[in-house]
Amino acid sequence: MTADPTSPLHAWTDGLAALAPVLAVAERPFRSQLTVRVSDPEAIAAAGSALGVPFPSTPCTFTTGSGPFGDVEVLWLGPGEFLVVAGPGLQIAIEEVVRDALGTARGSVVDTSAQRTTVVLEGPLVRDVLAHGCSVDLHPSSAPAGTCVQTLLARTGIVLQVTGEDAFTVLVRSSFAGYLAAWICDACVEYLAAEVTAPGTVGA
Amino acid sequence: MSSSAQPPGAHLPEHPDFLWDDTEPKASYDVVVVGGGGHGLATAYYLAKVHGITNVAVLEKGWLAGGNMARNTTIIRSNYLWDESSGIYEHSLKLWEGLEDDLGYPVLFDQRGVLNLAHSLQDVRDGVRRVNANRLNGIDAEWLDPAGVEEICPIVNTSPDVRHPVLGATYQPRAGIAKHDHVAWGYARAAHAMGVDLVQDCEVTGLETAGGRISAVRTSRGRILAGKVALCAAGHSSVLAKMAGLRLPLASHPLQALVSELLEPVHPTVVMSNAVHVYVSQAHKGELVMGAGIDSYNGYGQRGSFHVIEQQMSAALELFPVFARAHLLRTWAGIVDVSPDASPIVGLTPVAGLYLNCGWGTGGFKATPGVGHCFAHTVANDEPHPFNAPFTLERFTTGALVDEHGAAAVAH
Amino acid sequence: MQLIPCPWCGPREEAEFHYGGQAHVAYPEDPSALTDEEWARYLFFRDNPSGPFAERWSHSAGCRRWFNAVRDTRTHDLLAVYRVGEPMPEVTP
Amino acid sequence: MTFRTPTGGSIDRNTLLRFTFDGRAYTGHPGDTLASALLAHGVHEIGRSVKLGRPRGVVAAGSEDPTSLVQVETPFSEPMLLATTVELYDGLEARGLSGQGRLSTEPDPARYDAKHEHCDVLVVGAGPAGLVAALTAARSGARVVLADEQNRAGGALLGVDEYLDDRPSAEWVADVVAELKSTPGVLVLERTTAFGMYQDGFVLALQKRTDHLGFAAPATAARQRVWRIRTRRTVLATGAHERPVVFAGNDRPGIMLASSARTFLHRYGVLPGSRAVVFTTNDSAYCAAIDLAESGVDIALVVDARPEAPARLAAECAARGVEVRAGHVVTGTGGAGRVTGAHVAPLGGAPGYPDSVVCDTVLVSGGWNPVVGLFSQARGRLRYDAGLGAFVPGEELPSVAVAGAATGELDLTACARQGRNAGAAAAAAAGFPSGGQVALPVSDSRCTARSGLVLWRVPGDEATSFVDLQRDATVSDVLRATGTGLRSLEHIKRYTTIGTAHDQGKTSGMIAAGIVAEALGVELAEQRPTTFRPPFTPVSFAALAGRDRGELHDPVRVTALHPWHVARGALFEDVGQWKRPRYYPEDGEDLHAAVLRECKATRQSVGMMDGSTLGKIDVQGADAGEFLDMLYTNVMSTLKVGRIRYGVMCGLDGMVMDDGTVIRVAEQRYVVTTTTGNAAKVLDWMEEWLQTEWPHLDVHCTSVTEHWATIPLVGPRSRDVLAAVAPGLDVSNEAFEFMTWRDTAVAGVPARVCRISFSGELAYEINVTAWHGIAVWEALMAAGEEYGITPYGTETMHVLRAEKGYPIIGQETDATVTPQDLGMAWAVSKKKADFIGKRSFARAENNRPDRKQLVGLLPVDPSVLLPEGSQVVETDRVPQPPVRMLGHVTSSYPSAALGRTFALALVRSGRERIGETVYVPVEDSLVPVTVTESVLYDKEGARRDG
């Protein structure tokens with residue numbers, strides 16, 4: 001017997017795609033995600049080496065690297081709290097490797113892969129759209145690529161990564177994913193009609 | 001130009017031509033009431049009227065009734081859950097019903113009823129429970145289904161398809177609103193007429209004791225000897241009590257409210273909703289008066305955070321879509337003193353001759369006549385009135401709390 | 001709305017934070033040794049000053065870490081933030 | 001007759017806009033406001049006053065106008081707008097108001113939104129000071145936001161025909177705006193009113209984005225936007241409002257502020273009337289007189305209250321044939337509707353008949369009030385400036401500077417200099433040193449406003465001397481208030497209602513303060529001004545609600561199985577933010593029928609439900625057991641790996657806070673479950689203790705609530721169903737005992753199966769990743785088909801557990817209930833030295849014999865269903881209130897298994913009353929009920945092992 005997985009936003013695939021050209025929005029489902037709690041610097045370093053990506057030492061940033069599990073990101077979630085993110089299907093193996101790396105250091109490793117889902121947003125208007133619900137200053141001078149903040153987007157908590165010039169990744173709790181998708185679609189309405197952004201008609 | 005049969009507010013009575021004279025404090029009083037808000041003024045009034053104690057001063061650090069009395073949403077009701085609470089609030093409601101005649105002042109008590117909406121099945125259970133308790137306590141209360149809600153207040157969105165559908169409501173027909181300035185000034189004028197001194201711009205800076213008994217009050221306008229001191233300072237109660245070495249289980253929080261411009265009558269009653277943290281009435285002249293839950297942090301700044309107002313607005317528009325293009329005219333905040341069980345503390349203190357009336361949280365206005373009456377009894381007789389007897393400071397030690405959180409989350 | 005400086009994430013909107021009341025109120029070493037009065041004091045009685053107040057906040061929508069702050073309750077000005085376990089810093093309101 | 005000038009004004013005369021007012025058709029032009037278009041047609045009467053029903057017109061040209069209230073009816077009805085701020089559009093329909101608006105009963109179709117903006121320097125006001133401030137800051141490289149309430153920049157320059165540096169001021173403004181808009185990092189917000197100033201540089205501004213487009217407004221664009229601006233430094237260049245002088249009959253239409261008349265002329269090409277009397281206490285009104293005279297208005301007289309008229313300006317008037325009468329005042333006016341004449345007499349002169357001057361317009365200037373509302377909101381102290389007759393900013397604030405007329409400075413170049421200094425200082429403070437000097441403009445203006453006489457009112461008929469025109473509050477009212485003994489301005493404001501109307505006293509507040517001070521014989525400098533509170537101008541409720549409406553009002557949380565429930569026709573219950581299936585009605589079933597069917601199927605065969613909303617927390621670390629021992633009332637550290645224990649959590653007050661199961665996954669790892677509603681609260685509770693009290697403990701908590709889909713599979717045939725989908729699992733009672741768990745594969749998916757039961761039946765709780773929830777659920781449905789497997793909702797779950805006497809936190813408890821009250825003393829450890837809540841159990845109140853205890857109630861008539869929430873009384877007749885109440889019904893259901901109704905209740909001394917009859921008032925009758933144990937079904941627990 002096999003069972004196909006279903007992602008939290010599978011019903012939103014077309015709806016999110018239809019936001020182009022305002023924004024390119026898509027769910028990136030089934031990623032492996034592990035919440036790692038550890039404060040011991042040596043253990044942190046060991047875990048980084050095992051994954052091929054140094055853990056972020058600066059709050060509100062994330063790191064990327066490549067190793068035995070391919071491309072891996074490590075997100076700073078709080079002091080001594082990280083989210084390791086990799087491609088689908090690797091969570092069990094990564095959990096084992098990180099647990100080994102931590103050794104006897106105080107800490108925990110928990111598979112939280114399905115706890116949150118991932119939405120990627122790209123396009124020149126991405127900051128404008130997010131600014132309708134996010135109070136964090138997303139100007140490149142304040143939030144350069146590599147930034148990773150936990151904050152609120154409208155009325156849901158998110159983890160927000162700045163991944164490129166006009167590219168963001170949003171991680172959202174699975175039960176709030178439908179709200180997030182509805183919110184993004186709604187926020188884009190403002191930018192769907194060409195006449196809205198034409199000068200002299202509607203204010204900035 | 002539109003014609004209007006009756007200009008808004010034209011039916012409202014005017015204030016009288018004489019209110020009170022500003023007074024210089026005397027050197028000594030039988031009773032000094034600290035705090036010239038509704039509770040302080042009412043206490044002084046009943047001390048004079050019921051107990052014949054007229055050598056009384058009410059000390060107010062700012063202008064009379066300029067604290068929470070000037071900053072509340074004037075909702076009056078008595079449909080509380082527990083016997084202890086419904087006792088004192090119903091006592092108060094009965095006094096409200098005769099207050100205009102008693103004071104000879106138009107306080108505009110308008111018994112338009114209050115709806116407490118239920119939005120979840122547990123809200124329904126809690127509402128029915130409260131209605132049943134109220135009725136057994138002799139308080140008018142009804143349980144309404146959504147159709148009944150719509151009948152009382154047609155502008156409430158009772159559609160089942162909204163985010164927080166209205167599943168029913170408790171209704172207290174005798175509840176209502178009053179005009180807060182009229183109430184305060186009515187008490188002030190009547191107390192003044194019986195000889196009570198009203199001293200404004202008089203901040204209490206210290207409380208003196210001698211032999212375990214209160215002896216004097218130090219103020220920004222000099223030292224005043226006092227046989228008894230009654231504290232009625234709402235949000236500032238902790239600060240005052242500390243002057244007598246008392247620590248109180250209180251936290252002072254901002255509580256925000258707001259008002260719209262004058263609008264033609266649309267809202268015939270008072271609507272409260274705990275689940276979405278909003279309560280609304282339409283005042284006598286037509287302005288919508290709204291309040292929200294308290295801000296989370298301690299604060300004496302008479303100012304809250306605006307996101308609380310924004311959340312309140314979105315909640316209000318879910319319940320009342322017709323409010324969309326009403327305009328916010330003014331926002332403000334009071335300082336409410338919140339106790340751990342959301343019930344007041346009224347009674348004696350370990351310091352002889354010092355009496356405490358505080359912890360009313362968001363419920364103080366509606367209690368004004370009731371607590372004034374009972375607190376005056378407490379001060380005059382040095383023992384609590386039966387209605388405030390349960391609200392001792394000792395209950396936090398014994399555990400005999402009167403937990404009204406369910407009723408008081410948005411208790412107005 | 002205030003900006004609260006989380007010791008880890010930096011200044012964020014107040015809406016991201018959860019208020020935790022007075023700081024430096026330690027859980028009693030042995031509650032069973034306390035009188036009812038002493039236990040009530042721990043449970044319910046807190047300072048409530050008009051002025052600087054050492055209190056607890058949690059960056060609940062951010063890094064979820066508790067920290068302490070000294071805030072002037074009259075103005076809401078945050079005079080200092082510091083981590084749990086650190087002593088209350090000197091402040092001038 | 002038209003009052004439109006042949007040329008001039010910033011209007012598009014080539015385009016005609018049609019509109020109606022009070023049902024009559026008019027025309028105007030793009031660039032007009034409703035007020036200017038009406039005045040162009042000679043329409044001055046806008047509405048009637050709120051109390052006295054007197055006609056009221058247009059007093060000012062902008063948002064400070066106290067009187068021109070209208071209801072705009074198209075495209076959507078909106079109450080209480082000022083005609084002076086409604087931009088004209090084709091098809092506009094409006095009507096005048098008597099101080100009270102009307103809410104539409106139709107749903108408002110417009111969009112409203114909010115946007116966060118961050119900047120280094122926020123400049124409020126795009127007059128000369130604000131423009132120079134913004135440009136100076138922008139040239140430094142700072143991120144700048146410039147917000148202005150008008151539809152174009154310029155501020156006071158919009159209302160004059162001055163030349164700056166030998167060219168029209170509009171050109172200078174256009175150049176500055178062009179440079180600002182082309183500078184990266186600069187945002188210019190037109191039609192945007194900063195209405196609230198809060199802490200830490202938080203400023204709220206409302207932008208009216210599409211109102212001026214009327215019917216052409218795109219439906220997809222937000223009509224209004226609240227800008228949530230977070231700035232490091234703010235420059236307030238909010239200007240000044242002209243102040244009237246109070247005199248008898250000062251409320252008639254046609255009586256207008258002098259500068260506003262000048263604004264109507266220069267900005268809109270509209271004359272206020274044909275023949276005007278100008279009444280002033282200062283120089284600025286002379287420009288209005290001169291400009292209007294040059295535009296063809298017959299200036300009947302300039303009445304200057306000062307003993308001497310300014311010589312140069314008087315000469316300019318004389319050159320245009322305009323008489324100036326110094327030392328005089330307007331003492332009254334005539335007219336049934338619009339003003340028809342002004343009475344002029346010497347100030348403080350001998351009694352006698354004043355001169356009557358025929359006119360249709362009276363222009364008034366009593367000086368200028370700096371606009372200090374935002375400064376005051378920022379908690380800046382105000383100071384009374386006796387020369388100006390107004391409150392001005394009285395201190396420097398750390399991050400807020402004031403520039404221009406808002407400081408009381410009225411000379412243009414000086415205002416611009418203040419703007420430049422403030423802009424440079426703000427940018428520098430934000431880390432951007434100067435980037436290039438902005439040249440200060442020099443005006444050719446003939447009038448400066450500074451040299452004025454402070455005059456609040458002209459003695460005369462006090463009952464028609466209006467202080468607050470909108471509230472109909474007169475000098476009589478003020479004097480009556482001071483006569484009652486009131487001294488505080490706040491009291492007098494409340495007595496008279498001055499300053500509480502739509503305009504919040506923008507033109508009346510200062511005058512009221514002045515008249516009160518005169519009446520009381522005190523210095524204004526000693527008066528505390530009344531408090532300025534947000535918003536600066538009214539803001540619609542919908543704008544503040546923004547997008548947080550409808551489905552975005554409050555997030556709906558759903559489980560991975562939600563689509564299945566919807567497809568199956570489930571009806572849902574809100575539990576916190578979650579949607580949980582309440583029951584799954586089949587054809588024509590109501591709640592009771594569906595629940596009886598679901599209960600029966602589950603007790604007799606097998607049912608299953610979605611339990612995914614239960615909170616799940618992974619607790620890891622060497623001290624995890626010790627930690628859980630402190631949080632739960634019972635012992636968790638002794639739990640063996642592979643086993644499960646039920647636990648209760650209390651608050652410090654000893655009252656039940658939550659309950660759930662704890663499974664021990666490994667030596668140093670537990671997973672605990674919480675109730676649906678308390679998941680976040682319990683995790684926060686754990687973190688709070690760990691971080692603030694016990695940081696020495698080696699424990700980490702991680703929420704895994706949404707990682708798992710949780711499916712309770714319940715009933716005597718659950719074992720058969722599970723066996724079919726979990727071939728690798730030995731499901732026998734011996735191999736898989738009650739209160740143990742196994743990791744296995746269910747439907748080919750890794751799963752954790754727990755043998756727990758909230759129904760008393762043989763039951764399994766299957767946990768798989770949320771991604772696999774639907775697939776596994778469907779596999780279970782398929783495997784259970786032969787047993788008639790029945791999905792059930794929360795209602796059936798409630799009945800099944802109630803039959804077993806299991807409480808639901810929040811339904812059986814209300815923060816006043818201890819574990820002992822619930823009959824769960826067995827779950828409270830007597831061995832542990834301490835745990836949260838333990839100390840409170842020893843308090844006097846907790847040891848009262850008459851505490852309320854959880855019991856069952858069986859109505860004597862087994863068909864009577866007690867309403868939940870009913871109270872319980874002792875006697876079979878209800879005495880007079882207050883009636884002693886024993887407790888209340890917490891849960892009540894018809895039971896398929898019991899073949900009757902039953903209830904759970906909290907009853908005083910309940911356990912002692914078992915077997916007694918008590919009474920439940922239901923409507924007007926008393927229902928006798930028998931008190932029983934809370935466990936009513938399968939008391940021996942025989943069913944749970946199947």
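Naming convention: chains lettered A, B, ... in sequence-line order (proteins, then strands); numbering from 1 in each chain.
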Partner set under side chain to side chain donor-acceptor pair (under 3.5 Å) for D:Arg848, not counting sequence neighbours: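 If we apply the side chain to side chain donor-acceptor pair (under 3.5 Å) test to D:Arg848, skipping adjacent residues, the hits are D:Asp850.
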Which region of [X], side chain (C-beta onward) or backbone (N, CA, C, O), has a non-hydrogen atom less than 4.5 Å from a non-hydrogen atom of chain C, or is it both or neither?
{"X": "D:Phe835", "answer": "backbone"}
{"X": "D:Glu693", "answer": "side chain"}
{"X": "D:Leu683", "answer": "side chain"}
{"X": "D:Met630", "answer": "side chain"}

Side chain / backbone / both / neither for C:Asp77 at chain D, heavy atoms under 4.5 Å: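 Answer is both: backbone and side chain atoms of C:Asp77 are under 4.5 Å from chain D.
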Checking heavy atoms, do the side chain of C:Trp66, its backbone, both or neither come under 4.5 Å from chain D?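 Both backbone and side chain.
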Distance in Å, [X] [atom1] paired with [Y] [atom2], rounded so as to fall on 0.5 Å steps:
{"X": "D:Ser703", "Y": "C:Arg64", "atom1": "OG", "atom2": "CZ", "value": "8.0 Å"}
{"X": "D:Thr692", "Y": "C:Asn68", "atom1": "OG1", "atom2": "CG", "value": "8.5 Å"}
{"X": "D:Phe202", "Y": "C:Glu14", "atom1": "CZ", "atom2": "CD", "value": "10.0 Å"}
{"X": "D:Asp834", "Y": "C:Glu29", "atom1": "CG", "atom2": "CD", "value": "10.5 Å"}

Can we say C:Asp36 and D:Arg839 salt-bridge, meaning some charged N sits less than 4.0 Å from an Asp/Glu carboxylate O?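 A salt bridge is present here (some side-chain N lies under 4.0 Å from a carboxylate O).
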In terms of side-chain geometry, is the basic nitrogen of C:Glu13 or D:Arg230 positioned less than 4.0 Å from the acidic oxygen of its partner?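 A salt bridge is present here (some side-chain N lies under 4.0 Å from a carboxylate O).
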List the atom of C:Tyr27, the atom of D:Trp689, and the distance in Å for their closest heavy-atom pair.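 That would be CD1-CH2, 3.6 Å.
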What's the shortest heavy-atom distance between D:Leu652 and C:Leu43, and which atoms?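 Closest approach of D:Leu652 to C:Leu43, heavy atoms only: CB-CD2, 3.3 Å.
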Donor-acceptor pair, side chain of D:Gln691 and main chain of C:Phe67, under 3.5 angstrom: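 Flag not set: sc D:Gln691 to bb C:Phe67 has no pair under 3.5 Å.
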Taking the side chain from D:Gln199 and the backbone from C:Thr75, do they hold a donor-acceptor pair closer than 3.5 Å?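 Flag set: sc D:Gln199 to bb C:Thr75 pair under 3.5 Å.
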Select all residues of residues 49-58 of chain C having any heavy atom within less than 4.5 Å of some heavy atom of chain D, and report them by number, or 'none'.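 Those residues of residues 49-58 of chain C which have a heavy atom under 4.5 Å from chain D are C:Arg56.
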